[in-house]
Structure formats: structure tokens, C-alpha cells
Amino acid sequence: MTERVFDSLIVHAQVATIAGSAPHCGSAMREIGLLNDAAVGIIDGNIAFVGSSQDAAALETKECLDARGRLLTPGLVDPHTHLVHSGSRENELAQKLAGIPYLEILQQGGGILSTVHATRRASREELIEQALRSLRTMLLWGTTTVEAKSGYGLDVPTELLQLRVAQELRKLQPVEIISTFLGPHAIPPEYQDRPDAFLEQMIQLLPAIQTEQLADFADIFCEHGVFSVVQSERFLEAAQKAGFGLKIHADEVEPLGGAELAAKLGAVSADHLLAASENGLRSLVSAGVIPVLLPGTSWNLRAKPARARFLIDTLQAPVALATDYNPGSCPTESLQFIMALAANELRMTPEEILTAVTINSAHAIRQAHRVGSIEVGKQADLCLFNADNPAYLVYHFGINHIADVWKKGQHVVVNGLYIDNP
Ligand SMILES: N=CN[C@@H](CCC(=O)O)C(=O)O
Ligand SMILES: [Zn+2]
């Protein structure tokens, strides 16, 4: 048998493998499979070796990088973003600081609706350009896979445009994009008095999105003053029948019952959950729904954070974390910032946090067979940090700890710099 020649070998690293086929639940979230002085080998974009640096010394490789004891993790997976949109909303900061609630700004025609106006006016090229800037930031800060929702069109052409832009973005840069159709994100002005007619229009759009393979998931903003539990069930059931995986913006502001609905329908994830009832949390965990927590949003809206400790300690849940990157409730692309907030606001440990932004977030978008852990056979999506332990990442907050990033084996960030066409 001919000896395999590796494309790359990373040696002398502290490797957090976060291995395991199922989501890491409860106390198992603290098991990150840390290997001291370890090596990872890459062949054809996939991980082909994980072992000791000593054993790796015998391997033949085209390139070798000495990590000098630094932390190597799976590429970060962000399972909830509103990536494709136009403009920003710093003009609403004063209202927020004056104490005007998030939903009231929306009811006055601002908030989500203000981004809908901007997105409807934007060209395809403008949407691509703005999203490309965000994707570049995400990659430089360690995110290698991202979920991207539509939901700033709220009409057929613009919803389709957002999804097609997400599809196009896959060809233009290295971050992998998993798309979600969030047509029922708010009620557009032209349907203010006929929300059911709008919902019906979004339901009618599902088969076309499925046929064009524009989205893997369908999602709805189930919230007081937006879509009720009954309306959410109608939309999500139709989406399930059309073949979509289900997600839900659940109980972000009021304990409406979104968590219970996610459990009833067997959603892949239920996201936000700040106000979810104890019963709702219990039922979604029993039903195998991944709770995706968004501490950037609760922090930015100055709301009480989700009950991460209850989910992890009492319910033994597989918690995932996401940025919720969007121009309103959470304008940040940085999962590293979210990781710091998860420690301070949600009281999660550094190990739980690493699990929540890798293997568990990969499960939240059904990509764990390919990404989210460092295991032979998986895609070589890797982050090398300027830190030698997970605690340092969340302790020293607000700065970018990334040294290097590999996406599908390509060395796309080198010493903190983005490499185009590596
Ligand atoms: N809450 C609903 N949707 C987004 C916010 C969108 C916006 O404010 O533009 C969220 O998940 O936080
Ligand atoms: Zn969201």
C-alpha cells in the first residue's frame, strides 16, 4: 500500500475534538475531548488524522504548521442569523435607550419593517455586497458555517431574492450557508389588517422554494402582536408537509407557547426562549428539539436572559448558541462576543460554550455529519486561536482571538488575515 501524503498537518496543538455522533446533552456539554500536544492531518479537504504530535512525526505532508501549544477547535457554526438584508438601524438606538420596547418600535412601523423597506429597495448586487462584508467578518472571527434566514422581503419577489442571494453567496466566498425561509417574520404594511391572507401567501410560496432548493428550513416569528401559536402551527405544519425542517422564533418576549409548539411538531430547533415557560422548556427537550440561545439579543434588548443553567443542569439539554446577527435586535457577526456573553449572562462554562458553538450548533442545522467536531472523515473546518485554553477565549472578551482558519482544508485565514483564493 502506498503511504498517504497529507496536504496539511497541524502539530503541537491543544485540540478540542468535541467528538461524538449525537448532540452533547447537559453535563456532557463539558466533555470537549481535549488532547494535549496533538496533531490534525488534512487530505482532500477532510480530516484524515487526529492523534499525538509524536505519532504524526512519521507522516508525510506537503505543509506543516506548528501550533506552538495553542487551541485548535472545530470551525465555529452559527445556527441563527439574518445575514441577507440592507442597511442598519442605529437610528433606533435613542428609542431603545429611552426604554421603548422592541415590539412597540415594530408596531410603530420601525424595527423589522424598517429593514423590510430598505431590503425591498435594494438591488441584488447591494444585498450581495453587504452580506459579503458580514461573511468576511464572520470568517475572520472563526465562523465557518452559518445559517441565513430570509424574512426582510415579506413579499414573494423579495423573499425569493433574499434566498437566491444566499445561494449565490455560497459560490463567492468560503463560509458555508444553510438557508431558512422566514417569510412570516412580521406582517407587512399592505397586509396589516389581513394577517391570515399574508400567512396564506407565504404558505403558497413553500413548494416553489422547495422545488428550487432555496431553503432547508422554514421558520416563523411566533410572538404577541406578530404571529399567534395557531398561525405558527398552520405555517409550520404546511412547511413540514412540503419537506422543510422546522425552526421557530419562540417565546422571545412573551411566554406565548412557541416552545410547546416546537415540541408538538418536532422542530429541529426552537430559538430565543427567554420567556419560555418551564413546561415549554421541558417538553421541547423531551421532544429532542435543540434549544438555540441568543444571549447577544437578550443583552442588547436589555431583557432577562434565557435559562441556560436550568436547561443544562435540570433538563440535561443540548444547548446551542448563535449570534442572531441582524440589524435590529443583535447587530454583531461575532460568535466570540456571544461566547463571552454566554459566560457572563448565561453562566455557561467555557467548555459548555465551545460545545454550544460547534457540535450542538451543527445539530441545530442538521449539519453535524459533516461539521462541528474534529474527527477523521469530517470536513476540515478548523480554528486555531491565540489562546492555549478555552477559558481564555471567554475571559479576554471583545477582541478577536483567531490566528488561523481552515475551511474544507483550505487555509483561508492566516495569522489573522483573510486569504482570497488560497
Ligand atoms: N425577533 C425576530 N427577529 C429577529 C430580529 C430582527 C430585527 O430586529 O430586524 C430576532 O431573531 O431577534
Ligand atoms: Zn432571529
Exercise for review: Check the angle between the aromatic planes of Phe49 and Phe6 and answer parallel, tilted or perpendicular using the 30° and 60° thresholds.
Suggested key: perpendicular
Review point. Under a 4.0 Å N-O cut-off, is there an ion pair linking Arg133 with Glu129?
Key: yes
Practice item. Determine yes or no for a side-chain-to-main-chain donor-acceptor pair under 3.5 angstrom, with Arg70 supplying the side chain and Ala67 the backbone. Key: yes
Practice item. For the pair Glu92 (side chain) and Gly111 (backbone), establish whether a donor and an acceptor sit closer than 3.5 Å, ignoring hydrogens and angles. Key: yes
Check your understanding: So, Glu90 and Ser88: side-chain donor and acceptor under 3.5 Å apart, yes or no?
Key -> yes
Review point. Parallel, tilted or perpendicular for Tyr392 and His396, by the 30°/60° rule?
Key: perpendicular
**Study point:** Side-chain donor or acceptor of Glu176 paired with backbone N/O of Thr144 under 3.5 Å
**Key:** no
Check your understanding: Between Arg309 and Glu352, is the closest basic N to carboxylate O distance under 4.0 Å?
Key -> yes
Review point. Does a side-chain heavy-atom distance below 4.5 Å link Ile338 with Asp78?
Key: no
Check your understanding: Does the salt bridge (charged side-chain N to carboxylate O under 4.0 Å, His left out) test come out yes or no for Glu278 and Arg282, once each step is laid out?
Key -> CA-CA 6 Å; Glu278 195 167 309; Arg282 280 185 196 280; 3.1 Å; yes
**Study point:** Plane angle bin for Tyr152 and His82 - parallel if under 30°, tilted between 30 and 60°, otherwise perpendicular
**Key:** tilted
Study note, to complete from the structure: Rounded to the nearest 0.5 angstrom, the OG-CG distance for Ser150 and Leu161 is 10.5 Å
Exercise for review: May I ask you to decide if Ile312's main-chain N or O and Gln316's side chain share a donor-acceptor pair within less than 3.5 Å?
Suggested key: yes
**Study point:** Contact summary for Ala39 and Ala56, nearest pair of heavy atoms
**Key:** CB-CB, 3.5 Å
Exercise for review: Grab the two heavy atoms, one from Leu214 and one from Ser179, that are nearest each other, plus how far apart they are.
Suggested key: O-CB, 3.2 Å
Check your understanding: So do the side chains of Leu321 and Pro295 get within less than 4.5 Å of each other, counting heavy atoms only?
Key -> yes
Exercise for review: Have a look at Met29 and tell me which of Thr355, Ile18, Ile353, Leu311 forms a side chain to side chain contact (heavy atoms under 4.5 Å, CB included) with it.
Suggested key: Thr355
Point to revise | Audit row: Leu35, Val50, side-chain contact (heavy atoms from CB on, under 4.5 Å) steps and yes/no | key: CA-CA 9 Å; Leu35 306 174; Val50 183; 3.8 Å; yes
**Study point:** Side-chain H-bond candidate by donor/acceptor type, Ser269 with Asp271, under 3.5 Å
**Key:** yes
Study note, to complete from the structure: Distance col, row Ile32:CD1 vs Ile374:CD1, nearest 0.5 angstrom, shows 10.0 Å
Review point. Are the side chain of Lys378 and the backbone of Ala368 linked by a donor-acceptor contact shorter than 3.5 Å?
Key: yes
Check your understanding: Does a side-chain heavy-atom distance below 4.5 Å link Leu154 with Glu159?
Key -> yes
Practice item. Measure from the side-chain N and O atoms of Gln130 to the backbone N and O of Gly87, and report whether any donor-acceptor pair falls under 3.5 Å. Key: yes
Review point. Just how far is it from atom CG of Leu199 to atom CZ of Phe227, taken to the nearest 0.5 Å?
Key: 5.5 Å
Point to revise | Donor + acceptor pair across side chains of Gln379, Asn46 (<3.5 Å) | key: no
Check your understanding: Distance only, no hydrogens: is a donor on one side chain within 3.5 Å (strictly under) of an acceptor on the other, for Ser329 and Tyr102?
Key -> no
**Study point:** Short side-chain to backbone donor-acceptor contact, Lys96 and Asn300, under 3.5 Å
**Key:** yes
Check your understanding: Does the side chain of His249 come within less than 4.5 Å of Val226's, by heavy atoms?
Key -> no
Check your understanding: Counting N and O atoms only, with roles assigned by atom type, does the side chain of Thr119 sit under 3.5 Å from a partner on the main chain of Ser86, one being a donor and the other an acceptor?
Key -> yes
Practice item. Would you give the length of the straight line joining atom CD1 of Ile399 to atom OG of Ser334, rounded to the nearest 0.5 angstrom? Key: 10.5 Å
Check your understanding: Which pair of non-hydrogen atoms, one from Leu163 and one from Phe181, has the smallest distance, and what is that distance?
Key -> CD1-CD1, 4.1 Å
Review point. Heavy atoms, side chains only, cut-off 4.5 Å: are Leu301 and Leu274 in contact?
Key: no
Check your understanding: Going by atom types alone, do Asn326 and His85 pair a side-chain donor with an acceptor below 3.5 Å?
Key -> no
Check your understanding: Tell me, do Tyr395 and Asn389 make a side-chain contact under 4.5 Å, heavy atoms counted?
Key -> no
Practice item. Using the six-membered ring wherever Trp is involved, compare the ring planes of His185 and Phe221 and label them parallel, tilted or perpendicular (cut-offs 30° and 60°). Key: tilted
Practice item. Please tell me if the side chains of Ile290 and Pro23 come closer than 4.5 Å, counting only heavy atoms from C-beta onward. Key: yes
Check your understanding: Less than 4.5 Å apart, any side-chain heavy atom of Leu34 and any of Leu71?
Key -> yes
Practice item. Return the minimal non-hydrogen interatomic distance between Glu333 and Ser134, and the atom names on each side. Key: OE2-OG, 2.8 Å
Check your understanding: With no hydrogens and no angle check, is any side-chain donor or acceptor of Gln336 less than 3.5 Å from a backbone partner on His401?
Key -> yes
Review point. Between Glu260 and Lys264, is a salt bridge (charged side-chain N to carboxylate O under 4.0 Å, His left out) present by the stated rule, with each step listed?
Key: CA-CA 6 Å; Glu260 288 86 341; Lys264 183 175 170 190; over 6 Å; no
Review point. To the nearest 0.5 Å, how far apart are CD in Glu147 and CG in Asp219?
Key: 7.0 Å
Check your understanding: Looking at Leu273 and Leu284, what are the two nearest heavy atoms and their distance?
Key -> CD2-CD2, 3.8 Å
Check your understanding: Are the charged groups of Asp381 and Lys407 less than 4.0 angstrom apart, N to O?
Key -> yes
Check your understanding: If every non-hydrogen atom of Leu9 is compared with every non-hydrogen atom of Thr61, which pair is closest and at what distance?
Key -> N-OG1, 3.6 Å
Check your understanding: Do Asp251 side-chain atoms and Gly258 backbone N/O form a donor-acceptor pair below 3.5 Å?
Key -> yes
Check your understanding: What distance separates Asn386 CG from Ile402 CD1, expressed to the nearest 0.5 Å?
Key -> 8.5 Å
